[in-house]
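Notes to accompany the following structure.
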Amino acid sequence: MQCIRVGVIGAGGVAQVEHIPNLLKLHRQFKILGVYDPSRKTRAFVGEEFGLATFADLDGLLAMPLDAVVIASPDALHWEQALAAFARGLHVFCEKPLCYSAGDIDDLIAARDRAGKVLQVGYMKRFDPSYEAALKMLPGTARTLRYISVEVNDPDAWPFVRHHSTCQGDDVTVDLVAATEARQREQVDRAVPGLDDPDAFRGFVGAYCSAIVHDVNAVHGLLDALGVTDGDIVGASLFARGEGGQGAVRLLGGQALWNMVHLAVPGLADYRERITLYFDQASLELEFPSPYLNHQPTRLTLRTSDGHTLSSRDIRSGYEEAFVEELKGFWSAIVEGTPVRNTAEQARRDMTLLAGLTRRHLAQLKQSGARP
(Lines give C-alpha, C1' and ligand atoms only; values in the text may rest on other atoms or scores of the structure.)
Protein backbone atom coordinates (compact mmCIF):
# COMPACT_ATOMS: atom_id res chain seq x y z
CA MET A 1 0.00 0.00 0.00
CA GLN A 2 1.43 3.37 -1.02
CA CYS A 3 2.00 5.70 1.94
CA ILE A 4 1.44 9.41 1.36
CA ARG A 5 3.88 11.80 3.06
CA VAL A 6 1.77 14.60 4.48
CA GLY A 7 2.25 17.87 6.30
CA VAL A 8 -0.43 19.46 8.48
CA ILE A 9 -0.89 23.23 8.20
CA GLY A 10 -2.56 24.63 11.30
CA ALA A 11 -2.87 22.69 14.56
CA GLY A 12 -5.98 24.15 16.16
CA GLY A 13 -8.98 22.29 17.52
CA VAL A 14 -10.06 20.31 14.46
CA ALA A 15 -6.46 19.24 13.78
CA GLN A 16 -5.84 18.20 17.40
CA VAL A 17 -9.13 16.34 17.84
CA GLU A 18 -9.61 14.93 14.35
CA HIS A 19 -7.08 15.30 11.55
CA ILE A 20 -3.81 14.53 13.33
CA PRO A 21 -5.14 11.51 15.31
CA ASN A 22 -6.94 10.20 12.22
CA LEU A 23 -3.88 10.53 9.98
CA LEU A 24 -1.84 8.68 12.62
CA LYS A 25 -4.52 5.99 12.76
CA LEU A 26 -4.29 5.57 9.00
CA HIS A 27 -0.55 4.89 9.24
CA ARG A 28 -0.51 2.54 6.25
CA GLN A 29 -1.85 5.31 4.03
CA PHE A 30 -0.32 8.45 5.55
CA LYS A 31 2.92 9.44 7.26
CA ILE A 32 2.96 12.86 8.93
CA LEU A 33 6.35 14.49 8.31
CA GLY A 34 5.55 17.64 10.25
CA VAL A 35 3.02 20.14 11.55
CA TYR A 36 3.13 23.91 11.10
CA ASP A 37 1.53 26.32 13.55
CA PRO A 38 2.53 29.87 14.56
CA SER A 39 1.79 29.20 18.25
CA ARG A 40 4.75 28.00 20.30
CA LYS A 41 2.37 26.53 22.90
CA THR A 42 0.55 24.55 20.23
CA ARG A 43 3.77 23.30 18.66
CA ALA A 44 5.01 22.11 22.07
CA PHE A 45 1.70 20.33 22.68
CA VAL A 46 1.73 18.61 19.28
CA GLY A 47 5.30 17.46 19.79
CA GLU A 48 4.59 16.05 23.24
CA GLU A 49 1.10 14.65 22.58
CA PHE A 50 1.71 13.10 19.16
CA GLY A 51 5.49 12.84 18.90
CA LEU A 52 5.58 14.84 15.68
CA ALA A 53 8.06 17.31 14.26
CA THR A 54 6.76 20.88 14.29
CA PHE A 55 7.61 24.01 12.32
CA ALA A 56 7.38 27.67 13.26
CA ASP A 57 7.19 28.80 9.63
CA LEU A 58 5.27 27.38 6.69
CA ASP A 59 8.23 27.34 4.30
CA GLY A 60 10.07 25.01 6.64
CA LEU A 61 7.25 22.48 6.48
CA LEU A 62 6.81 22.82 2.71
CA ALA A 63 10.55 22.20 2.23
CA MET A 64 10.06 18.67 3.56
CA PRO A 65 9.73 15.82 1.01
CA LEU A 66 5.92 15.94 1.10
CA ASP A 67 3.33 14.49 -1.24
CA ALA A 68 0.36 16.36 0.22
CA VAL A 69 -0.83 18.81 2.85
CA VAL A 70 -3.87 18.94 5.11
CA ILE A 71 -4.85 22.57 5.67
CA ALA A 72 -6.67 23.22 8.96
CA SER A 73 -5.63 26.82 9.50
CA PRO A 74 -7.89 29.87 9.98
CA ASP A 75 -10.26 30.29 7.03
CA ALA A 76 -8.63 33.47 5.72
CA LEU A 77 -5.32 31.63 5.18
CA HIS A 78 -6.67 28.78 3.05
CA TRP A 79 -6.30 30.58 -0.28
CA GLU A 80 -2.63 31.54 0.02
CA GLN A 81 -1.58 28.30 1.72
CA ALA A 82 -3.27 26.12 -0.90
CA LEU A 83 -1.62 28.18 -3.66
CA ALA A 84 1.76 27.73 -1.96
CA ALA A 85 1.22 23.96 -1.79
CA PHE A 86 0.25 23.69 -5.44
CA ALA A 87 3.30 25.77 -6.41
CA ARG A 88 5.39 22.98 -4.84
CA GLY A 89 3.48 20.26 -6.66
CA LEU A 90 1.57 18.94 -3.64
CA HIS A 91 -1.93 17.49 -3.31
CA VAL A 92 -4.22 19.54 -1.06
CA PHE A 93 -6.90 18.62 1.44
CA CYS A 94 -8.40 21.86 2.77
CA GLU A 95 -10.94 22.39 5.51
CA LYS A 96 -14.11 24.28 4.72
CA PRO A 97 -14.75 26.99 3.73
CA LEU A 98 -12.27 26.59 0.90
CA CYS A 99 -12.35 30.38 0.26
CA TYR A 100 -14.91 33.09 0.83
CA SER A 101 -15.25 34.20 -2.80
CA ALA A 102 -15.91 32.33 -6.02
CA GLY A 103 -13.05 34.23 -7.68
CA ASP A 104 -10.53 33.01 -5.11
CA ILE A 105 -11.76 29.45 -5.61
CA ASP A 106 -11.27 29.92 -9.35
CA ASP A 107 -7.62 30.75 -8.57
CA LEU A 108 -7.27 27.45 -6.73
CA ILE A 109 -8.98 25.50 -9.50
CA ALA A 110 -6.54 26.96 -12.02
CA ALA A 111 -3.55 26.21 -9.75
CA ARG A 112 -4.82 22.67 -9.16
CA ASP A 113 -5.14 22.05 -12.88
CA ARG A 114 -1.70 23.48 -13.67
CA ALA A 115 -0.15 21.25 -11.01
CA GLY A 116 -2.24 18.23 -11.98
CA LYS A 117 -2.95 17.51 -8.33
CA VAL A 118 -5.92 16.58 -6.13
CA LEU A 119 -7.84 19.28 -4.27
CA GLN A 120 -10.43 17.97 -1.79
CA VAL A 121 -12.54 20.12 0.53
CA GLY A 122 -13.28 19.02 4.11
CA TYR A 123 -17.02 18.43 3.85
CA MET A 124 -16.95 15.22 5.87
CA LYS A 125 -20.74 14.79 5.86
CA ARG A 126 -20.58 13.50 2.29
CA PHE A 127 -18.68 10.50 3.72
CA ASP A 128 -21.21 9.83 6.51
CA PRO A 129 -22.67 6.30 6.07
CA SER A 130 -26.19 7.58 6.71
CA TYR A 131 -25.79 10.39 4.18
CA GLU A 132 -24.55 7.90 1.60
CA ALA A 133 -27.58 5.71 2.34
CA ALA A 134 -29.95 8.69 2.05
CA LEU A 135 -28.72 9.38 -1.47
CA LYS A 136 -29.74 5.85 -2.48
CA MET A 137 -33.17 5.74 -0.83
CA LEU A 138 -34.78 9.09 -1.51
CA PRO A 139 -38.54 8.36 -1.22
CA GLY A 140 -39.59 10.68 -4.01
CA THR A 141 -38.50 12.48 -7.13
CA ALA A 142 -38.07 16.05 -8.31
CA ARG A 143 -41.72 15.91 -9.36
CA THR A 144 -42.90 15.15 -5.80
CA LEU A 145 -40.44 17.27 -3.77
CA ARG A 146 -42.23 19.87 -1.63
CA TYR A 147 -39.88 21.21 1.03
CA ILE A 148 -36.35 20.91 2.45
CA SER A 149 -35.68 21.95 6.02
CA VAL A 150 -32.27 22.51 7.61
CA GLU A 151 -32.27 23.29 11.35
CA VAL A 152 -29.12 23.53 13.45
CA ASN A 153 -28.50 24.71 17.01
CA ASP A 154 -24.87 24.57 18.05
CA PRO A 155 -22.97 25.53 21.23
CA ASP A 156 -19.64 25.12 19.39
CA ALA A 157 -17.22 22.37 20.36
CA TRP A 158 -16.80 22.86 24.09
CA PRO A 159 -19.27 20.24 25.44
CA PHE A 160 -17.95 17.56 23.07
CA VAL A 161 -14.16 17.86 23.35
CA ARG A 162 -13.73 18.01 27.15
CA HIS A 163 -12.58 14.40 27.21
CA HIS A 164 -9.83 15.14 24.65
CA SER A 165 -6.38 16.45 25.48
CA THR A 166 -6.13 19.80 23.66
CA CYS A 167 -4.19 23.04 23.76
CA GLN A 168 -5.34 26.51 22.81
CA GLY A 169 -2.69 28.51 20.98
CA ASP A 170 -3.36 31.82 22.66
CA ASP A 171 0.22 33.08 22.36
CA VAL A 172 0.09 34.14 18.69
CA THR A 173 1.44 37.66 18.24
CA VAL A 174 -0.91 40.60 17.99
CA ASP A 175 0.64 41.55 14.64
CA LEU A 176 -0.08 38.12 13.15
CA VAL A 177 -3.67 38.19 14.39
CA ALA A 178 -4.14 41.63 12.87
CA ALA A 179 -2.62 40.53 9.56
CA THR A 180 -4.94 37.51 9.39
CA GLU A 181 -7.95 39.70 10.13
CA ALA A 182 -6.87 42.08 7.35
CA ARG A 183 -6.63 39.16 4.92
CA GLN A 184 -10.10 38.05 5.97
CA ARG A 185 -11.50 41.53 5.38
CA GLU A 186 -9.94 41.69 1.89
CA GLN A 187 -11.28 38.26 0.93
CA VAL A 188 -14.77 38.91 2.28
CA ASP A 189 -14.87 42.16 0.33
CA ARG A 190 -14.18 40.18 -2.83
CA ALA A 191 -17.08 37.87 -1.98
CA VAL A 192 -19.59 40.50 -0.79
CA PRO A 193 -18.40 44.01 -1.61
CA GLY A 194 -19.44 46.63 0.90
CA LEU A 195 -20.11 44.24 3.78
CA ASP A 196 -19.48 46.90 6.43
CA ASP A 197 -22.10 46.03 9.04
CA PRO A 198 -20.25 44.23 11.89
CA ASP A 199 -23.10 41.82 12.67
CA ALA A 200 -23.59 40.92 9.02
CA PHE A 201 -19.83 40.42 8.59
CA ARG A 202 -19.77 38.14 11.63
CA GLY A 203 -22.77 36.24 10.32
CA PHE A 204 -21.28 35.74 6.85
CA VAL A 205 -17.94 34.38 8.05
CA GLY A 206 -19.46 32.48 10.98
CA ALA A 207 -23.07 31.32 10.77
CA TYR A 208 -22.93 31.00 6.99
CA CYS A 209 -19.37 30.17 5.89
CA SER A 210 -18.08 28.32 8.94
CA ALA A 211 -21.27 26.53 9.99
CA ILE A 212 -24.23 26.11 7.68
CA VAL A 213 -21.89 25.69 4.71
CA HIS A 214 -21.75 21.99 5.68
CA ASP A 215 -25.52 21.68 5.29
CA VAL A 216 -25.56 23.71 2.08
CA ASN A 217 -23.07 21.28 0.60
CA ALA A 218 -25.02 18.25 1.85
CA VAL A 219 -28.31 19.56 0.45
CA HIS A 220 -26.67 20.34 -2.87
CA GLY A 221 -25.65 16.69 -3.05
CA LEU A 222 -29.21 15.56 -2.32
CA LEU A 223 -30.59 17.94 -4.95
CA ASP A 224 -28.12 16.56 -7.46
CA ALA A 225 -29.34 13.04 -6.71
CA LEU A 226 -32.89 14.22 -7.43
CA GLY A 227 -31.86 16.07 -10.57
CA VAL A 228 -33.01 19.42 -9.13
CA THR A 229 -31.13 22.46 -10.39
CA ASP A 230 -30.14 25.49 -8.34
CA GLY A 231 -33.02 27.71 -7.30
CA ASP A 232 -33.63 31.37 -6.59
CA ILE A 233 -32.91 33.10 -3.29
CA VAL A 234 -36.15 34.47 -1.85
CA GLY A 235 -35.12 35.34 1.69
CA ALA A 236 -32.17 35.66 4.03
CA SER A 237 -31.48 36.94 7.53
CA LEU A 238 -28.39 37.22 9.67
CA PHE A 239 -29.57 37.65 13.26
CA ALA A 240 -28.60 37.20 16.93
CA ARG A 241 -25.72 39.66 16.44
CA GLY A 242 -24.39 37.56 13.61
CA GLU A 243 -24.54 34.24 15.48
CA GLY A 244 -27.63 33.13 13.56
CA GLY A 245 -28.11 32.70 9.83
CA GLN A 246 -31.22 31.89 7.80
CA GLY A 247 -31.84 31.51 4.10
CA ALA A 248 -34.68 30.50 1.79
CA VAL A 249 -34.32 29.19 -1.75
CA ARG A 250 -37.18 28.71 -4.20
CA LEU A 251 -36.80 25.42 -6.08
CA LEU A 252 -38.42 24.01 -9.21
CA GLY A 253 -40.08 27.27 -10.16
CA GLY A 254 -41.87 27.53 -6.83
CA GLN A 255 -42.97 23.91 -6.49
CA ALA A 256 -40.63 23.48 -3.51
CA LEU A 257 -38.84 25.59 -0.93
CA TRP A 258 -35.52 25.04 0.84
CA ASN A 259 -35.26 26.80 4.21
CA MET A 260 -32.12 26.74 6.33
CA VAL A 261 -31.33 28.06 9.82
CA HIS A 262 -28.17 27.84 11.90
CA LEU A 263 -28.07 29.31 15.39
CA ALA A 264 -25.19 29.40 17.84
CA VAL A 265 -26.47 28.89 21.40
CA PRO A 266 -23.18 29.30 23.26
CA GLY A 267 -24.40 28.51 26.77
CA LEU A 268 -26.51 25.44 25.96
CA ALA A 269 -24.68 22.10 25.90
CA ASP A 270 -26.95 20.71 23.19
CA TYR A 271 -26.30 20.11 19.51
CA ARG A 272 -28.96 19.32 16.94
CA GLU A 273 -28.59 19.26 13.19
CA ARG A 274 -31.42 18.06 11.01
CA ILE A 275 -31.91 17.93 7.25
CA THR A 276 -35.43 16.86 6.29
CA LEU A 277 -36.82 16.37 2.80
CA TYR A 278 -40.60 16.28 2.37
CA PHE A 279 -42.23 14.68 -0.66
CA ASP A 280 -45.90 14.23 -1.57
CA GLN A 281 -46.20 10.98 0.38
CA ALA A 282 -43.02 10.60 2.47
CA SER A 283 -40.23 12.33 4.33
CA LEU A 284 -36.56 11.51 4.84
CA GLU A 285 -34.61 12.98 7.76
CA LEU A 286 -30.94 13.02 8.67
CA GLU A 287 -30.17 13.97 12.27
CA PHE A 288 -26.44 14.46 12.79
CA PRO A 289 -24.65 14.29 16.14
CA SER A 290 -21.98 16.82 17.00
CA PRO A 291 -19.17 16.21 14.51
CA TYR A 292 -16.70 15.75 17.36
CA LEU A 293 -18.55 12.70 18.73
CA ASN A 294 -16.72 10.15 16.64
CA HIS A 295 -18.44 6.99 15.43
CA GLN A 296 -21.79 8.10 16.82
CA PRO A 297 -24.16 7.26 13.96
CA THR A 298 -26.30 9.82 12.21
CA ARG A 299 -29.98 8.93 12.54
CA LEU A 300 -31.64 8.35 9.18
CA THR A 301 -35.45 8.12 9.36
CA LEU A 302 -37.88 7.36 6.56
CA ARG A 303 -41.55 8.13 7.21
CA THR A 304 -44.37 6.90 4.98
CA SER A 305 -48.13 6.50 5.25
CA ASP A 306 -50.54 3.79 4.17
CA GLY A 307 -53.77 5.71 4.57
CA HIS A 308 -54.07 6.56 8.27
CA THR A 309 -51.20 4.25 9.19
CA LEU A 310 -47.90 6.02 9.67
CA SER A 311 -44.68 4.02 9.46
CA SER A 312 -41.28 5.26 10.65
CA ARG A 313 -38.19 3.31 9.68
CA ASP A 314 -34.80 4.02 11.24
CA ILE A 315 -31.90 3.00 9.03
CA ARG A 316 -28.48 2.23 10.53
CA SER A 317 -25.86 1.94 7.81
CA GLY A 318 -22.70 1.59 9.88
CA TYR A 319 -20.39 3.17 12.40
CA GLU A 320 -17.66 4.42 10.10
CA GLU A 321 -16.39 7.87 11.11
CA ALA A 322 -16.85 10.51 8.41
CA PHE A 323 -13.67 12.39 9.43
CA VAL A 324 -11.69 9.19 8.84
CA GLU A 325 -13.50 8.21 5.68
CA GLU A 326 -12.81 11.58 4.02
CA LEU A 327 -9.07 11.05 4.52
CA LYS A 328 -9.39 7.59 3.00
CA GLY A 329 -11.13 9.23 0.08
CA PHE A 330 -8.27 11.74 -0.27
CA TRP A 331 -5.75 8.91 -0.31
CA SER A 332 -7.78 6.97 -2.88
CA ALA A 333 -8.06 9.99 -5.18
CA ILE A 334 -4.27 10.45 -5.07
CA VAL A 335 -3.14 6.83 -5.29
CA GLU A 336 -5.94 5.06 -7.14
CA GLY A 337 -7.29 7.92 -9.20
CA THR A 338 -10.84 7.62 -7.87
CA PRO A 339 -13.04 10.67 -8.48
CA VAL A 340 -12.66 13.40 -5.87
CA ARG A 341 -15.62 13.69 -3.56
CA ASN A 342 -15.99 17.32 -2.42
CA THR A 343 -14.40 19.23 -5.28
CA ALA A 344 -13.45 22.88 -5.49
CA GLU A 345 -16.22 23.32 -8.04
CA GLN A 346 -18.76 22.13 -5.48
CA ALA A 347 -17.29 24.49 -2.90
CA ARG A 348 -17.61 27.33 -5.40
CA ARG A 349 -21.32 26.55 -5.77
CA ASP A 350 -21.79 26.54 -2.00
CA MET A 351 -19.97 29.82 -1.46
CA THR A 352 -21.80 31.49 -4.34
CA LEU A 353 -25.10 30.70 -2.62
CA LEU A 354 -23.89 31.95 0.78
CA ALA A 355 -22.60 35.19 -0.72
CA GLY A 356 -25.95 35.57 -2.47
CA LEU A 357 -27.82 35.08 0.79
CA THR A 358 -25.67 37.76 2.40
CA ARG A 359 -26.37 40.21 -0.40
CA ARG A 360 -30.08 39.45 -0.02
CA HIS A 361 -29.87 40.18 3.71
CA LEU A 362 -28.14 43.50 3.06
CA ALA A 363 -30.71 44.46 0.43
CA GLN A 364 -33.55 43.71 2.84
CA LEU A 365 -31.93 45.84 5.53
CA LYS A 366 -31.53 48.70 3.10
CA GLN A 367 -35.13 48.39 1.94
CA SER A 368 -36.42 48.43 5.51
CA GLY A 369 -34.37 51.49 6.37
CA ALA A 370 -32.26 49.64 8.93
CA ARG A 371 -28.51 49.62 8.82
CA PRO A 372 -26.27 49.26 6.95
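Environment of CG in Asp170: crowded, with over 12 heavy atoms of neighbouring residues, nucleotides or ligands closer than 6.0 Å. Within 6.0 Å of the CZ atom in Arg250, the count of heavy atoms belonging to other residues, nucleotides or ligands does not exceed 12. Under a cut-off of 6.0 angstrom, the local environment of NE2 in His308 is sparse, with at most 12 non-hydrogen atoms contributed by other residues, nucleotides or ligands. Arg143 CZ: 12 or fewer foreign heavy atoms inside a 6.0 Å radius. Around atom CD of Gln168, no more than 12 heavy atoms belonging to other residues, nucleotides or ligands sit under 6.0 Å away. Enclosure of atom CZ in Arg299 is not indicated, since only 12 or fewer non-hydrogen atoms of other residues, nucleotides or ligands lie within 6.0 angstrom.
Cation-pi contact between Arg114 and Phe86: absent, since separation from the ring centre below 6.0 Å together with deviation from the ring axis within 45° is not met.
Between Glu95 atom CD and Leu77 atom CG the span is 13.5 Å, to the nearest 0.5 Å. Note: Gln2 CD to Gln29 CD = 11.0 Å, rounded to the nearest 0.5 Å. Taking OH from Tyr208 and OG1 from Thr358, the interatomic distance works out to 5.5 Å, rounded to the nearest 0.5 Å. Atom CG of Leu354 is separated from atom OG of Ser210 by 11.0 Å, given to the nearest 0.5 angstrom. Interatomic distance, Ile4 CD1 to His91 NE2, rounded to the nearest 0.5 Å: 6.0 Å. Considering CD1 of Ile148 and CG of Leu284, their distance stands at 11.0 Å, rounded to 0.5 Å.
Annotation for Leu24 and Phe50: closest pair CD1-CD2, 3.8 Å, computed over non-hydrogen atoms. Val228 and Ala142 get closest at one heavy-atom pair: CG2-CB, 3.7 Å. The two residues Val69 and Ala85 come nearest to each other via the heavy atoms CG2-CB, 3.7 Å. Looking at every heavy atom in both residues, Ile212 comes nearest to Gly245 through CD1-O, 4.5 Å. Taking all atoms of both residues into account, the shortest heavy-atom contact from Ser237 to His361 is CA-ND1, 3.6 Å. A pairwise comparison of heavy atoms in Met260 and Val216 identifies SD-CG2, 3.8 Å as the closest pair.
Arg43 pairs with exactly one of Leu52, Val35, Thr54 by the side chain to side chain contact (heavy atoms under 4.5 Å, CB included) rule, that one being Thr54. Tyr123 pairs in a side-chain hydrogen bond (donor to acceptor under 3.5 Å, both in side chains) with only one of the listed residues (Asp350, Thr343, Asn217), which is Asp350. Screening Gln367, Lys366, Arg360 for a side-chain hydrogen bond (donor to acceptor under 3.5 Å, both in side chains) involving Gln364 leaves a single residue, Arg360. If you run side chain to side chain contact (heavy atoms under 4.5 Å, CB included) between Tyr36 and each of Leu61, Asp59, Val8, Val46, only Leu61 comes through.
Using a 4.5 Å cut-off on side-chain heavy atoms (C-beta onward), Val92 and Leu108 make no contact. Two residues are said to be in side-chain contact when any heavy atoms from C-beta on lie closer than 4.5 Å; Asp107 and Asp104 meet this criterion. Gln16 is not listed as a side-chain neighbour of His164, based on a closest heavy-atom distance of 4.5 Å or more. Contact annotation: the side chain of Lys328 never approaches that of Phe127 to less than 4.5 Å [non-hydrogen atoms, C-beta and beyond]. For the pair Asp230/His220, a side-chain contact is recorded, criterion being any heavy-atom separation below 4.5 Å from C-beta on. Taking the side chain as every heavy atom from C-beta outward, Leu300 and Tyr131 never approach each other to under 4.5 Å. Residues Phe160 and Pro291 fail the side-chain proximity criterion, which asks for heavy atoms closer than 4.5 Å. Side chains of Val174 and Val177 form no contact here, defined as non-hydrogen atoms less than 4.5 Å apart.
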Derivation and outcome, side chain to side chain contact (heavy atoms under 4.5 Å, CB included), residues Asp154 and His262
CA-CA 8 Å; Asp154 181 5; His262 183 282; 3.7 Å; yes

Please test Glu132 against Ser317 for side chain to side chain donor-acceptor pair (under 3.5 Å), starting from the C-alpha separation and ending with a verdict.
CA-CA 9 Å; Glu132 293 176 326; Ser317 299; over 6 Å; no

Derivation of the side chain to side chain contact (heavy atoms under 4.5 Å, CB included) call for Leu222 and Leu135
CA-CA 6 Å; Leu222 293 162; Leu135 291 174; 3.7 Å; yes

Check against ring pair (Phe, Tyr, Trp, His ring centres under 6.0 Å), Phe93 and His19:
CA-CA 11 Å; Phe93 175 100; His19 293 317; 5.5 Å; yes

Side chain to side chain contact (heavy atoms under 4.5 Å, CB included) between Cys209 and Met351, worked out:
CA-CA 7 Å; Cys209 296; Met351 301 311 293; 3.4 Å; yes

Quick one, Thr338 with Ser332, criterion side chain to side chain donor-acceptor pair (under 3.5 Å). Give me CA distance, side-chain angles, the key distance, then yes/no.
CA-CA 6 Å; Thr338 57; Ser332 182; 2.9 Å; yes

Derivation of the side chain to side chain contact (heavy atoms under 4.5 Å, CB included) call for Cys94 and Val121
CA-CA 5 Å; Cys94 185; Val121 185; 5.8 Å; no

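The existence of a salt bridge linking Glu273 and Lys125 is confirmed by a sub-4.0 Å separation between a basic side-chain nitrogen and an acidic carboxylate oxygen. We find that Asp199 and Arg241 are not joined by a salt bridge, their nearest charged nitrogen and carboxylate oxygen being 4.0 Å or further apart. A salt bridge between Glu345 and Arg348 is absent, with no side-chain N of the basic residue lying under 4.0 Å from a carboxylate O of the acidic one. By the 4.0 Å N-to-carboxylate-O rule, Asp224 lies close enough to Arg349 to be salt-bridged with it.
Cluster membership check: Met64 shares its hydrophobic cluster with Ile71, using side-chain heavy-atom separations under 4.5 Å among Ile, Leu, Val, Met, Phe, Trp and Tyr. Following chains of ILVMFWY side-chain contacts shorter than 4.5 Å, one can reach Leu58 starting from Leu119, so the two form part of one hydrophobic cluster. Residues Val150 and Leu145 share a single hydrophobic cluster, defined by chaining ILVMFWY side chains whose heavy atoms lie under 4.5 Å apart. Taking hydrophobic clusters as Ile, Leu, Val, Met, Phe, Trp and Tyr residues chained together by side-chain heavy-atom distances below 4.5 Å, Val70 does not share a cluster with Phe55. Leu195 is connected to Ile105 through a chain of hydrophobic side-chain contacts under 4.5 Å among Ile, Leu, Val, Met, Phe, Trp and Tyr, so both are in one cluster.
A donor-acceptor distance shorter than 3.5 angstrom exists from the side chain of Asn294 to the backbone of Tyr292, with no hydrogens or angles considered. Listed for the Gln187 side chain is no donor-acceptor partner under 3.5 Å among the backbone atoms of Ser101. Side-chain N or O atoms of Glu321 include one that pairs as donor or acceptor with a backbone N or O of His295 at under 3.5 Å.
The aromatic rings of Tyr100 and Phe204 are tilted relative to each other, their planes meeting at an angle between 30° and 60°.
There is no side-chain donor-acceptor pair under 3.5 Å between Gln184 and Asp75. Side-chain atoms of Ser39 and Asp171 form a donor-acceptor pair, as typed in the model, at a separation below 3.5 Å.
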